[in-house]
2 protein chains.
Amino acid sequence: MSARVTAFDVAARAGVSQSAVSRVFSGASASGETVRKVREAAEALGYRPNVLARSLITGRSRIVGMVVAYLDNPFYPDALERFSRAFQSEGYHTMLFTLPESAPERECDRIVQQMLDHQVDGLVLASVGLSDALAARCAAAGIPVVLFNRGQSGSALAQVTSANRAGGAKVAEFLIAAGHRRIGHISGWQGSSTGRDRTQGFIEALRAAGWELAGIEEGRYDHGAAIRAADRLIENDVDALFVGNDHMAFAVMDHLRFTRGLSVPEDVSVIGYDDVPMAAWAGYELTTVRQPVGRMVSAAVAALLRQMEDMSAQAGIEEIDGPLILRGSARRPEGLT
Amino acid sequence: MSARVTAFDVAARAGVSQSAVSRVFSGASASGETVRKVREAAEALGYRPNVLARSLITGRSRIVGMVVAYLDNPFYPDALERFSRAFQSEGYHTMLFTLPESAPERECDRIVQQMLDHQVDGLVLASVGLSDALAARCAAAGIPVVLFNRGQSGSALAQVTSANRAGGAKVAEFLIAAGHRRIGHISGWQGSSTGRDRTQGFIEALRAAGWELAGIEEGRYDHGAAIRAADRLIENDVDALFVGNDHMAFAVMDHLRFTRGLSVPEDVSVIGYDDVPMAAWAGYELTTVRQPVGRMVSAAVAALLRQMEDMSAQAGIEEIDGPLILRGSARRPEGLT
DNA sequence: TCCTGTTTTGCATACCTGTGCAAAGCTACG
DNA sequence: CGTAGCTTTGCACAGGTATGCAAAACAGGA
């Protein structure tokens with residue numbers, strides 16, 4: 001087990017100074033001859049620069065922290081994978097943190113603190129909020145933060161979401177055009193901006209068309225809660241359901257069909273939100289609003305990179321629009337194929 | 001934006017030396033009085049030890065690298081989340097790497113190299129192999145590796161899998177007991193030990209009972225491939241299908257029901273492997289072999305921790321047994337509720 | 001009180017690289 | 001050949017912590 005080979009070893013073998021080696025590997029200017037000698041010696045010795053020492057002195061770790069609440073909803077693994085790939089190809093690495101289910105808000109701060117300890121260059125929070133105190137701390141440490149799929153009103157943090165309000169509105173217009181009049185809504189968690197915006201856009205568009213919601217229940221992005229909510233709305237005799245995300249929509253469809261013996265969309269139309277891959281499966285054929293994961297992730301990555309490279313860059317709010325994908329789980333307006 | 005506060009600042013304020021501060025925070029022995037003064041000064045200044053500097057000198061980063069091929073199959077996000085939680089609670093952090101889809105084997109080595117650069121203390125490879133050269137390099141660097149859900153014959157690396165051979169055998173015995181005679185198999189990727197073992201256990205148990213496979217097709221853990229494989233087997237008139245994992249089994253069930261107009265299990269019994277949460281959903285009710293994720297992750301984490309703490313610890317192979325979960329997608333033997 | 005054995009403490013150094021600074025080397029031009 | 005301007009190079013140090021070593025402090029027993 002050989003000891004680690006350092007820049008000094010390479011320098012000695014190449015007949016140059018350690019600084020020369022450093023310059024070659026950090027891309028600073030050096031003569032062609034020096035570069036050649038150093039590269040050769042490094043190759044022979046199997047030298048690789050020590051990332052820790054480099055980070056210690058430059059203050060940049062080339063690590064981005066990624067906080068994620070839960071990976072049940074397939075939307076998040078998908079996003080996570082894309083984030084990881086994107087950062088990797090930009091020369092960054094991803095440090096993953098999962099929030100414990102107990103006391104998530106409380107723990108989040110501790111977790112972010114640990115990230116700061118590791119001197120991450122940037123932070124992505126997926127569906128997770130950040131206390132003002134901690135946000136200030138990140139700002140003070142010069143660490144840019146991007147909120148992914150979650151807004152935080154009044155904060156100066158960069159945010160990337162889909163156009164949730166517009167998405168909710170699209171669903172409302174579509175259901176009305178299809179002739180539905182008793183429309184129910186199983187909302188996402190109202191503690192999240194994402195959930196609130198979808199609900200709000202939906203309700204406002206209904207009102208604008210002169211209709212009111214026949215019933216609304218909170219689904220909290222939870223399987224069981226969604227099913228109970230569906231039961232209550234069905235008792236209330238609705239003929240269409242807008243569900244806060246696909247994941248809950250699947251549960252609702254299964255429940256309606258197999259437990260309650262109803263047909264979708266003949267008895268009840270169901271519309272979801274996200275367009276996860278499973279929505280296209282033959283067993284569900286879920287009509288849903290697409291969240292363009294790819295573009296959302298790209299936007300978030302771009303925003304973070306911009307801020308990491310230019311500390312004075314402004315943090316903005318980005319809303320990415322996504323289409324309503326028509327499939328079989330909701331009745332279609334007359335004359336629409 | 002205040003400059004970083006170091007151990008020297010704390011030392012000055014507490015009236016002790018920097019070493020004293022270091023000792024307090026690294027848990028070495030110190031007098032009660034010193035501890036009190038240091039803690040107090042640190043609190044007042046908001047001091048936090050610099051992880052990079054610490055890692056640089058100790059050679060241990062308290063980071064574990066995690067390589068994952070793809071997160072489509074919900075088995076992996078689930079495992080990933082548990083890994084992350086487990087390591088977090090042990091004071092380790094998780095660095096995530098995803099393999100690019102192109103040239104995965106080639107890229108894997110580069111990725112692992114990058115992890116070594118970051119001086120990770122340990123490595124978890126989920127469904128990913130490691131070239132012998134690189135395995136040797138990890139060993140030389142004293143970095144323990146655990147293969148998760150993937151074996152590698154002839155390697156000295158620690159491995160945690162489920163009892164794939166036994167699982168395949170259980171399925172065979174169950175199908176025979178239920179009276180199936182024309183049995184088909186859509187295998188997992190035969191380049192992976194996991195896929196091979198399931199197939200092999202299945203076939204051997206069939207033979208032991210005096211039967212032969214009516215047909216076998218490679219599914220490669222891929223949605224589309226699985227569907228095409230199912231078509232070919234159905235042409236071949238099978239009345240039962242053992243599918244290499246749940247993810248493919250869902251695709252197959254959808255295809256049989258909605259495209260081919262067949263009933264499951266009346267026309268064809270379908271059995272999967274993994275028991276992901278979705279298998280219990282009313283839309284599928286998939287009979288499947290459970291891979292006990294929780295226990296598998298715990299075993300992998302324990303194995304890694306053991307090796308990280310005691311470098312001379314032996315790397316072993318662990319197979320975790322899982323039951324066949326009976327649901328509605330496969331016909332049951334007479335007299336079995 | 002003196003001596004021995006045990007803690008505690010501070011000093012100095014190591015870990016490994018990036019970078020400011022000044023000296024040295026080189027090119028080109030008059 | 002001299003000099004100005006530019007590039008390359010080496011020196012020395014910084015970044016923040018852990019730790020071996022020796023000195024100091026302390027506890028206890030005779």
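Chain naming here is simple, since letters A, B, ... match the order of the sequence lines and numbering starts at 1 in each. Computed from a prediction, not measured in an experiment: that's the story for all the values here.
- Ionic pairing of B:Arg82 and B:Asp78 is present here: one or more N-O contacts between side-chain nitrogen and carboxylate oxygen are shorter than 4.0 angstrom.
- Rounded to a whole Å, the NZ atom of A:Lys37 is 11 Å from the C1' atom of D:dT9.
- With axes fitted over five pairs at each extremity, the angle between the ends of the helix from C:dT1-D:dA30 to C:dG30-D:dC1 is 40° (10° resolution).
- Looking only at atom types and distance, the side chain of A:Ser31 has a donor-acceptor partner in the side chain of A:Thr34 under 3.5 Å away.
- The backbone N or O of A:Val120 sits nowhere less than 3.5 Å from a side-chain atom of A:Arg62 that would complete a donor-acceptor pair.
- Remark: side-chain polar atoms of B:Asp121 are not paired, donor with acceptor, to backbone N or O of B:Val64 under 3.5 angstrom.
- Residue pairs meeting the ring-ring contact (aromatic ring centres under 6.0 Å, His included) criterion with at least one member in residues 105-147 of chain A, sequence neighbours excluded: A:His118-B:His93.
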Going 5' to 3' through nucleotides 15-20 of chain C and flagging B where a protein heavy-atom sits under 4.0 Å of the base, S where only the sugar-phosphate is that close, and - otherwise, we get BBBBBB
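- A:Leu52 has its CG atom 13 Å from the P atom of D:dA18, to the nearest Å.
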Assess whether salt bridge (Lys or Arg N to Asp or Glu O under 4.0 Å) is satisfied between A:Lys37 and A:Glu40, documenting all intermediate values.
CA-CA 5 Å; A:Lys37 283 190 296 187; A:Glu40 196 174 299; over 6 Å; no
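- No more than 12 heavy atoms of other residues, nucleotides or ligands shown are found within 6.0 angstrom of CD on A:Glu43.
- Atoms CE and CZ, from B:Met115 and B:Arg110 in turn, are 13.0 Å apart once rounded to the nearest 0.5 Å.
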